[in-house]
Amino acid sequence: MSIKLNLTINGSKHEITVEPNETLLDVLRNKLNIKSVKAACWQGDCGLCTVLLDGIPVKSCLILASEANNTNITTVEGLSEGPLLSELQESFLQHLSLIHI
């Protein structure tokens, strides 16, 4: 049985239908095309899928999408301060060059 959700993502409201077993990560990437939220370990260890759920960091691979109903979700795109990058985004860029992918 499908579930209808109301999500606010980076300030934009979305009404979406999901299956009960869909993770928040799957919905963000596959249904809403937000590709900055990445998947790697699928166990919550790496933190690559972290988003802010009502201001609290959560690992979206471990959260069912239905648990996010009527919440505010912030991805890395939502951290921008107008046309400028936030301090956190700048830090990601600085440290990315140190990581060998």
Side-chain angles (χ1 to χ4, degrees):
M1 174 178 21
S2 296
I3 302 166
K4 188 177 284 191
L5 302 181
N6 292 299
L7 306 173
T8 302
I9 303 169
N10 300 327
S12 297
K13 295 188 183 289
H14 299 268
E15 187 176 289
I16 190 163
T17 302
V18 303
E19 296 304 314
N21 63 340
E22 283 187 276
T23 65
L24 181 57
L25 172 66
D26 289 331
V27 169
L28 292 172
R29 285 188 59 80
N30 302 330
K31 291 194 173 183
L32 297 171
N33 205 33
I34 300 173
K35 301 299 185 185
S36 66
V37 183
K38 306 287 186 201
C41 72
W42 290 96
Q43 297 175 358
D45 292 334
C46 72
L48 216 53
C49 66
T50 302
V51 298
L52 298 178
L53 187 65
D54 286 336
I56 299 169
V58 298
K59 308 223 175 110
S60 62
C61 72
L62 299 179
I63 302 285
L64 290 175
S66 60
E67 295 178 84
N69 192 28
N70 296 315
T71 62
N72 290 301
I73 299 166
T74 306
T75 66
V76 71
E77 292 91 349
L79 298 174
S80 293
E81 298 166 357
L84 304 175
L85 296 178
S86 70
E87 288 181 34
L88 182 57
Q89 289 170 312
E90 287 286 350
S91 181
F92 281 137
L93 285 176
Q94 290 173 3
H95 289 84
L96 185 62
S97 64
L98 302 175
I99 299 171
H100 300 287
I101 300 177

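Please read all numbers here as calculations on a predicted model, not as lab measurements. Along the sequence shown, residues are numbered consecutively beginning with 1.
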Check the hydrophobic clustering (I, L, V, M, F, W, Y; side-chain heavy atoms under 4.5 Å; chains of links allowed) and say if [X] and [Y] are grouped together.
X: Leu32; Y: Ile3; value: yes
X: Val58; Y: Leu48; value: no
X: Leu64; Y: Val27; value: no
X: Trp42; Y: Ile63; value: yes
X: Val76; Y: Ile73; value: no

Of all heavy-atom pairs between [X] and [Y], which one has the smallest distance, and what is that distance?
X: Gly44; Y: Leu62; value: CA-CD1, 3.6 Å
X: Cys41; Y: Cys46; value: SG-N, 3.4 Å
X: Val37; Y: Cys49; value: CG1-O, 3.7 Å

Under the side-chain hydrogen bond (donor to acceptor under 3.5 Å, both in side chains) test, which residues partner Ser66, sequence neighbours left out?
-> none
[X] side, atom [atom1]; [Y] side, atom [atom2] - distance, nearest 0.5 Å:
X: Lys59; Y: Asp45; atom1: NZ; atom2: CG; answer: 7.0 Å
X: Ile56; Y: Thr74; atom1: CD1; atom2: OG1; answer: 11.5 Å
X: Ile16; Y: Glu22; atom1: CD1; atom2: CD; answer: 7.5 Å
X: Leu28; Y: Lys38; atom1: CG; atom2: NZ; answer: 12.5 Å

Side chain proximity check, [X] to [Y], heavy atoms < 4.5 angstrom:
X: Cys61; Y: Thr23; result: no
X: Leu24; Y: Arg29; result: no
X: His14; Y: Lys31; result: no

Given side chain to side chain contact (heavy atoms under 4.5 Å, CB included), test Asn69 with Asn6 step by step and report yes or no.
-> CA-CA 5 Å; Asn69 192 28; Asn6 292 299; 4.0 Å; yes
Please determine which of Asn72, Thr75, Val51, Leu52 meets the side-chain contact (heavy atoms from CB on, under 4.5 Å) test together with Asn10.
-> Thr75
